[in-house]
Amino acid sequence: MPDYHDDLRLAHVLADAADATTMDRFKALDLKVETKPDMTPVSEADKAAEELIRGHLQRARPRDAILGEEYGIEGTGPRRWVVDPIDGTKNYVRGVPVWATLISLMEAGEGGYQPVVGVVSAPALGRRWWAAKGGGAYTGRSLTSATRLHVSKVERIEDASFAYSSLTGWEAQGRLDGFMDLTRAVWRTRGYGDFWPYMMVAEGSVDICAEPELSLWDMAAPAIVVQEAGGVFTGLDGREGPHSGNAAASNGLLHEELLGYLNQQY
């Protein structure tokens with residue numbers, strides 16, 4: 001199996017640089033915010049963090065491609081870095097500390113590009129999570145100060161904690177009734193939002209989570225963290241990995257039931 005230690009170490013360097021940039025402008029009274037064509041916000045910090053990461057990668061990995069939320073795809077080849085400079089921009093611009101920089105390395109394979117390295121860094125929460133293919137998933141302050149992650153062992157849906165971002169999107173897909181049935185069936189629900197539910201699945205503090213509409217850069221890093229923690233990350237269609245435009249993550253024991261609820265036909 002390939003050794004991704006150098007790539008993982010680089011991803012941490014990129015995350016450190018991004019954290020310094022995003023925290024410098026977090027809660028700034030003069031933060032500039034624009035509205036993109038899809039009606040989602042983008043701040044000057046989003047753009048600055050992605051530009052910084054791209055600059056580092058162009059120097060350190062000039063042969064690798066880069067895909068980012070703000071500036072699209074650049075380069076070709078079997079290795080592709082996927083970046084969301086601030087996942088949770090709406091939280092960021094309102095001063096809510098639940099946001100993170102997502103950095104993933106994906107490699108071409110039989111099923112298309114799949115994540116092999118992922119770092120999720122949430123500096124306003126003082127948290128970071130990461131994983132490399134075959135090397136397990138961890139959380140901590142640094143590579144040398146870390147705790148290994150393991151998903152929960154909850155086996156019954158009625159004992160499960162279910163996390164999600166919001167109700168938006170479920171109704172448009174005809175999945176709202178199944179979603180509501182799931183919320184009634186589980187032990188607990190919480191709308192933590194964005195990257196955080198996936199990290200809690202990896203930590204074992206949440207058992208299942210799902211979102212109806214996502215982009216690749218939202219999912220690539222969380223997917224490898226969940227998988228390396230022993231969990232399952234698929235689309236709502238059951239397709240493994242971050243390519244379905246939506247996501248379902250679990251401890252693995254509850255995954256079929258999770259998908260069953262969210263794919264109910266009425």
> Give the cluster check for Val13 versus Leu52: same hydrophobic cluster or not, with ILVMFWY residues linked at side-chain heavy-atom distances below 4.5 Å.
no

> Which residue, Ile208, Val206, Val154, Val151, forms the side-chain contact (heavy atoms from CB on, under 4.5 Å) with Ser250?
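The side-chain contact (heavy atoms from CB on, under 4.5 Å) with Ser250 is passed solely by Ile208 among Ile208, Val206, Val154, Val151.
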
> For Arg148 and Gly136, work out which heavy atoms get closest and say how close.
NH2-CA, 3.3 Å

> Where do Ser142 and Ala146 come nearest, in terms of heavy atoms and distance?
O-CB, 3.7 Å

> If you apply the rule side-chain contact (heavy atoms from CB on, under 4.5 Å), what do you find for Val226 with Val232, and how did you get there?
CA-CA 7 Å; Val226 169; Val232 174; 6.0 Å; no

> Can you confirm whether Asp64 sits close enough to Arg80 that some side-chain heavy atom of one is under 4.5 Å from a side-chain heavy atom of the other?
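Contact flag for Asp64/Arg80 side chains = no.
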
> Look up atom OG1 in Thr183 and atom CG in Leu176, then write down how far apart they are to the nearest 0.5 Å.
9.0 Å

> Ile53 vs Glu50, test: side-chain contact (heavy atoms from CB on, under 4.5 Å). Steps then yes/no.
CA-CA 5 Å; Ile53 291 170; Glu50 185 168 324; 5.7 Å; no

> Group every Ile, Leu, Val, Met, Phe, Trp and Tyr by side-chain heavy-atom contacts under 4.5 Å, then state whether Val225 and Val117 land in the same group.
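No, it is not one cluster - the side chains of Val225 and Val117 are not joined through contacts under 4.5 Å.
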
> Give me the one residue out of Thr89, Thr21, Thr101 that meets side-chain hydrogen bond (donor to acceptor under 3.5 Å, both in side chains) with Asp46.
Thr89

> Is any side-chain heavy atom of Leu214 closer than 4.5 Å to one of Asn246?
no

> Answer yes if Met219 and Val98 sit in the same cluster of Ile, Leu, Val, Met, Phe, Trp and Tyr residues linked by side chain heavy atoms under 4.5 Å apart, and no otherwise.
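Hydrophobic grouping puts Met219 with Val98.
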
> Got a sec, which pairs hit salt bridge (charged side-chain N to carboxylate O under 4.0 Å, His left out) with one end in residues 154-171, sequence neighbours left out?
Arg156-Glu158, Arg156-Asp159

> Is the closest side-chain heavy-atom distance between Gln264 and Asp177 below 4.5 Å?
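They are not in side-chain contact.
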
> Side chains of Thr234 and His255: is there a donor and an acceptor less than 3.5 Å apart?
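His255 and Thr234 do have a side-chain donor-acceptor pair below 3.5 Å.
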
> Determine, using the 4.5 Å side-chain heavy-atom cutoff (strictly less than), whether Leu258 and Leu236 are members of one ILVMFWY cluster.
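Linked, Leu258 and Leu236 end up in one cluster.
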
> So, using side-chain hydrogen bond (donor to acceptor under 3.5 Å, both in side chains) as the criterion, who are the partners of Ser244 when residues are at least two apart?
Asp237

> Hey, does Ile103 have a side-chain heavy atom less than 4.5 Å from the side chain of Trp130?
no

> Assess whether ring pair (Phe, Tyr, Trp, His ring centres under 6.0 Å) is satisfied between Phe26 and Trp99, documenting all intermediate values.
CA-CA 10 Å; Phe26 185 48; Trp99 50 270; 5.2 Å; yes

> Could you check whether any side-chain heavy atom of Ser205 comes within less than 4.5 Å of a side-chain heavy atom of Ser161, counting everything from C-beta outward?
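No; the side chains remain at least 4.5 Å from each other.
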
> Who pairs with Tyr164 by ring-ring contact (aromatic ring centres under 6.0 Å, His included), at least two apart in sequence or on another chain?
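Per chain and number, Tyr164 pairs via ring-ring contact (aromatic ring centres under 6.0 Å, His included) with Phe162, Phe179.
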
> Sort and list the pairs that fulfil salt bridge (charged side-chain N to carboxylate O under 4.0 Å, His left out) and have at least one residue in residues 195-208, not counting sequence neighbours.
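Listed once each, the pairs are Arg127-Glu203.
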
> Does either side chain, that of Tyr71 or that of Glu51, offer a donor lying less than 3.5 Å from an acceptor on the other one?
yes

> Looking at Arg63, I want to see if its CZ is surrounded by more than 12 non-hydrogen atoms of other residues, nucleotides or ligands under 6.0 Å.
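Not more than 12 within 6.0 Å, no.
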
> Other residues, nucleotides and ligands only: do more than 12 of their heavy atoms fall within 6.0 Å of CZ on Arg94?
no

> What's the spacing between Phe233 CZ and Glu228 CD if we round to 0.5 Å?
14.0 Å

> Is a donor from one side chain sitting under 3.5 angstrom from an acceptor on the other, for His12 and Arg128?
yes

> What distance do Tyr92 atom OH and Asp87 atom CG have between them, rounded to the nearest 0.5 Å?
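Result: 14.0 Å between the selected atoms.
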
> State the CZ-CE distance between Arg190 and Met200, to the nearest 0.5 angstrom.
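It is 10.5 Å, given to the nearest 0.5 Å.
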
> Can you tell me if CD on Gln173 sees more than 12 non-hydrogen neighbours from other groups inside 6.0 Å?
yes

> Minimum heavy-atom separation for Pro78 and Tyr113, please, with both atom names.
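Closest approach of Pro78 to Tyr113: O-CE2, 3.5 Å.
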
> Mind checking salt bridge (charged side-chain N to carboxylate O under 4.0 Å, His left out) for Glu211 and listing every partner two or more places apart, or none if nothing turns up?
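Testing Glu211 for salt bridge (charged side-chain N to carboxylate O under 4.0 Å, His left out), a comparison that skips the adjacent residues, returns none.
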
> Any donor-acceptor pair under 3.5 Å linking the side chain of Thr139 with the backbone of Thr147?
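It does not hold such a pair.
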
> Which heavy atom of Pro97 sits nearest a heavy atom of Leu125, and at what distance?
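Looks like O-CG, 3.5 Å.
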
> Under the rule for side-chain hydrogen bond (donor to acceptor under 3.5 Å, both in side chains), what residues qualify as partners of Asn251, not counting sequence neighbours?
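Expected list: Ser152.
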
> Determine whether Asp7 and Trp81 make a side-chain contact, defined as any pair of heavy atoms from C-beta on separated by less than 4.5 Å.
yes

> Quick one: pull up CH2 in Trp217 and CG in Leu67 and give me the separation to the nearest 0.5 Å.
6.0 Å

> I need the Glu213 CD to Ser166 OG distance, nearest 0.5 Å.
9.0 Å

> Can you find a pair of side-chain heavy atoms, one from Ile157 and one from Leu182, that are under 4.5 Å apart?
yes

> Run through Leu105, Val116, Asp3 and flag the one making a side-chain contact (heavy atoms from CB on, under 4.5 Å) with Lys133.
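With Lys133 as partner, side-chain contact (heavy atoms from CB on, under 4.5 Å) holds for just one option, Val116.
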
> Kindly state whether the ring of Trp129 and the ring of Tyr198 have centres lying under 6.0 angstrom apart.
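That pair fails the under 6.0 Å test.
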
> Locate the shortest heavy-atom distance separating Val120 from Ala221; write the atom from each residue and the value.
CG2-CB, 4.0 Å

> Assess the residue pair Ile86 and Thr22 against the criterion (side-chain contact (heavy atoms from CB on, under 4.5 Å)); give the C-alpha distance rounded to whole Å, side-chain angles, the decisive distance to 0.1 Å, and a yes or no.
CA-CA 8 Å; Ile86 299 179; Thr22 53; 3.8 Å; yes

> If Ile, Leu, Val, Met, Phe, Trp and Tyr residues are connected whenever their side-chain heavy atoms lie under 4.5 Å apart, and connections chain through other members, are Met23 and Val119 in the same group?
no

> Can you tell which of Glu69, Glu74, Glu70 makes a salt bridge (Lys or Arg N to Asp or Glu O under 4.0 Å) with Arg54?
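Single pass found, and it is Glu74.
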
> Compare all side-chain heavy atoms of Glu34 with those of Glu44 and state whether any distance is below 4.5 angstrom.
no

> Give the minimum heavy-atom separation between Ala160 and Leu254, together with the two atoms involved.
CB-CD1, 3.7 Å

> Quick one, Leu10 with Leu57, criterion side-chain contact (heavy atoms from CB on, under 4.5 Å). Give me CA distance, side-chain angles, the key distance, then yes/no.
CA-CA 9 Å; Leu10 174 60; Leu57 285 171; 4.0 Å; yes

